[in-house]
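Everything below concerns the one structure shown next.
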2 protein chains.
Amino acid sequence: MPRSKGKKSSAPVTIHDVAERAGVAISSISRVLSGHPDVSERMRIKVQRAADELGYEPDFFAQSLRSGATKTIGFIMRDISNPFFGVIAQCCEQELRKAGYSMLLMNSDGDVATESTNIAQLRRRKIDGLIASLVSEDIPELNSTLEKLNAPVVLLDREVVGLNSSAILANHHQGVEDATLDLISRGHKRIAFISGSTRVYTTRDRLKGYKSAFKKAGVTYPTELVSLGKFDAEFGESETKRLFTLKDRPTALLSGGIGSTAGAMRGLKKLGLVPGKDLAFVAIDEWPMFDVYGQQFSSVYRDAAMIGREAAAALLEMISGGSPRTIMVETHYIVRESSTGGLKAKKK
Amino acid sequence: MPRSKGKKSSAPVTIHDVAERAGVAISSISRVLSGHPDVSERMRIKVQRAADELGYEPDFFAQSLRSGATKTIGFIMRDISNPFFGVIAQCCEQELRKAGYSMLLMNSDGDVATESTNIAQLRRRKIDGLIASLVSEDIPELNSTLEKLNAPVVLLDREVVGLNSSAILANHHQGVEDATLDLISRGHKRIAFISGSTRVYTTRDRLKGYKSAFKKAGVTYPTELVSLGKFDAEFGESETKRLFTLKDRPTALLSGGIGSTAGAMRGLKKLGLVPGKDLAFVAIDEWPMFDVYGQQFSSVYRDAAMIGREAAAALLEMISGGSPRTIMVETHYIVRESSTGGLKAKKK
DNA sequence: GCATAAAATAGAAACGTTTCCAGAAACGAT
DNA sequence: ATCGTTTCTGGAAACGTTTCTATTTTATGC
């Protein structure tokens, strides 16, 4: 028992063990392993061998405590089960991992309070950076909460005024304008538009595209068919039902966001309306497999994988001293079968 | 400068600052804040007030270094962009967060080497537990790698022999048997079956259901229509194309796993074959929105949200000293339109 | 009141690193 | 040889907690 030389099976090997084995000071071990320049070749070899023989792995927490860097990135999503966010998360994590960082994932479930708790938690964990898809842009104290993080921030599809962060924005209005113009040119005037709150960039920019299309076409847009509230499926479904049971019901529908689209599709189904036949339908953001399902949906597309990669790149840049920047990702209107339909016998 | 009383704007407040303010020892601060019983009411109030006034937040890394608990759970997925895994991740994270744990997310991208690197990384980070959807079950050194983690493990849909872990398994064979029997009863004999490698539980259990259905029906199953290889979309697509261009082509298809199904659907589309018409088609595991897309797909369903919750629960249980256990989640055959079709003019 | 036990507190030693500082060794140049 | 440089190394002080031990205070029973 008193012998500490025995094979202490599972006691983790520390820097002291390596130092003892190599017969040098612990500071030398640290220098060798962290690639410090002031190290002789003889020392390097000696230490490396001792470390290898003992299978030494530096303790992450001790390192972080002393050095201050945690090699950890916080990632706050409104809903990771949303495949659009899933792709972003995947690509982002891949890039961060390549650079030696790990990703701490938290869902806010679209709830402001949860989001703020999450940010606080991440601050205590001293993350080196944050990538977030925020619930809203104008929450009181949001700026101060984020600044207290004391770490660079990359926002996805959000513009927070007065905050010194990077942002990955999509050029939503372009795609939406194209889609709306196409629908108008097909003869639609009563085009419904469902999306989230105007308190976030996403909605505002989409709305801009919707309005500018009508303007370009010289038509006034139907304000009563624009429904902006939440991004979730419940809202999408109930609004779709409401709008499509109006007396003078819409002939086309633009649904903004993955959640909205899911809700809209459910709503239409319950009403017995078939996209591409009883109405023209364009989804903003794609669900996976949109291109192969029997019924093909038109969409305003953006590249989620690229968004993830760009977010990681922007953050890593800031961590190594770079300045915040805003990246604009293009959107594209993809015409498929569901852009047709909704107009009674006009074609005949 | 020499005064340290001045408002040092951004220097983080430590336990020492609180101790000084309250005029007590740092050990008392720790005791109060961690809810130690041996604390007088007077002390509790004094410390609490000082802590509140200073806005003290214990340093996470210092806590972990000293106490050994990291309040962090590793989560290794093959592909988080897969919405099925996304739902699992979301529900799981939610449960863990409630219990005060954070989730460190890593993708293995279906690659064994990446997976093993990830596990090593998580070990250095001293995670309190791991939840993983492993690439394979019989990788050499997998057991020792996982055991070296020195933390409880919950595996999703995997059976690793000799490993003392919990597992969330799905009762795949039941759902697949039901689906296969239904197809047989509709008159199908040439039922193709595409899934991943038999080196994982998932495939083995599904295959079991497929075979037992044929056995129960007293029919020998078409070995040449069973294609087991990988879970990804490429494999699903190429095998679908191969099988459905055979001279004596299948009349029905069971595709196992989200990836396979995506590939199969692409393949069928390219061949111009419509599920529910030119063939009967049953997906094993659902893509989101299967119930609302124009063309409705039959499936063998399992509840991803429940899997996530059960995984979290099992892990938390083990962390607080409980024993590993295996949870079996039911699967259900859901009949929709795509179960019809594929039989020439039999009905007429 | 007094011994004894119990409760509350302070002080200091960890935890495993990195980093600062000082000193030793090596190396040219005189 | 001697002196300055440079290069390398060892020792020790952080980093901010928790936890162990020892000490002081308070309560309890006679």
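Numbered from 1 within each chain, the chains take letters A, B, ... in sequence-line order.
- Identified under the side-chain hydrogen bond (donor to acceptor under 3.5 Å, both in side chains) test for residues 317-326 of chain A, with sequence neighbours left out: A:Glu317-A:Arg325.
- When rounded to the nearest whole Å, the span between NE2 of B:His16 and C1' of C:dG11 equals 11 Å.
- In this structure, a donor-acceptor pair under 3.5 Å is absent between the side chains of B:Arg44 and B:Gln48.
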Got a list of side-chain donor-acceptor pairs under 3.5 Å for residues 140-147 of chain B, not counting sequence neighbours?
unit_1   : atom_1 : unit_2   : atom_2 : d
B:Asn143 : ND2    : B:Val161 : O      : 2.9
B:Ser144 : OG     : B:Glu141 : O      : 3.2
B:Thr145 : OG1    : B:Glu141 : O      : 2.5

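- Taking B:Asp138 as the reference, B:Ser136, B:Arg199 meet the side chain to side chain contact (heavy atoms under 4.5 Å, CB included) condition, with sequence neighbours excluded.
- With sequence neighbours excluded, the residues forming a side chain to side chain contact (heavy atoms under 4.5 Å, CB included) with A:Thr70 are A:Ser64, A:Thr72, A:Lys126, A:Asp128, B:Phe61, listed by chain and number.
- For DNA chain C, the residues of residues 59-73 of chain B within the heavy-atom distance limit of 4.0 Å (strictly under) are B:Leu65, B:Arg66, sorted by number.
- Judged as a ring pair (Phe, Tyr, Trp, His ring centres under 6.0 Å), not a single pair has a partner in residues 65-122 of chain A (not counting sequence neighbours).
- For the salt bridge (charged side-chain N to carboxylate O under 4.0 Å, His left out) test, no residue two or more places apart in sequence or in another chain qualifies with A:Arg78.
- The span of DNA chain D lying next to chain A, judged by atoms under 4.0 Å from heavy atoms, is bounded 5' to 3' by D:dC8 to D:dG16.
- Look at CZ on B:Arg42: it is 7 Å from P on C:dT9, rounded to the nearest Å.
- Remark: B:Val24, B:Ala25, B:Ser27, B:Ser28, B:Arg31 in residues 21-32 of chain B come within less than 4.0 Å of DNA chain C through at least one heavy atom.
- Rounded to an integer number of Å, the gap from B:Asp38 CG to C:dA5 P is 18 Å.
- For A:Ala51, the side chain to side chain contact (heavy atoms under 4.5 Å, CB included) partners are A:Val18, A:Tyr56, not counting sequence neighbours.
- Under the salt bridge (charged side-chain N to carboxylate O under 4.0 Å, His left out) criterion, B:Arg123 pairs with A:Glu57, not counting sequence neighbours.
- Remark: B:Glu115 pairs with no residue by the salt bridge (charged side-chain N to carboxylate O under 4.0 Å, His left out) rule, at least two apart or across chains.
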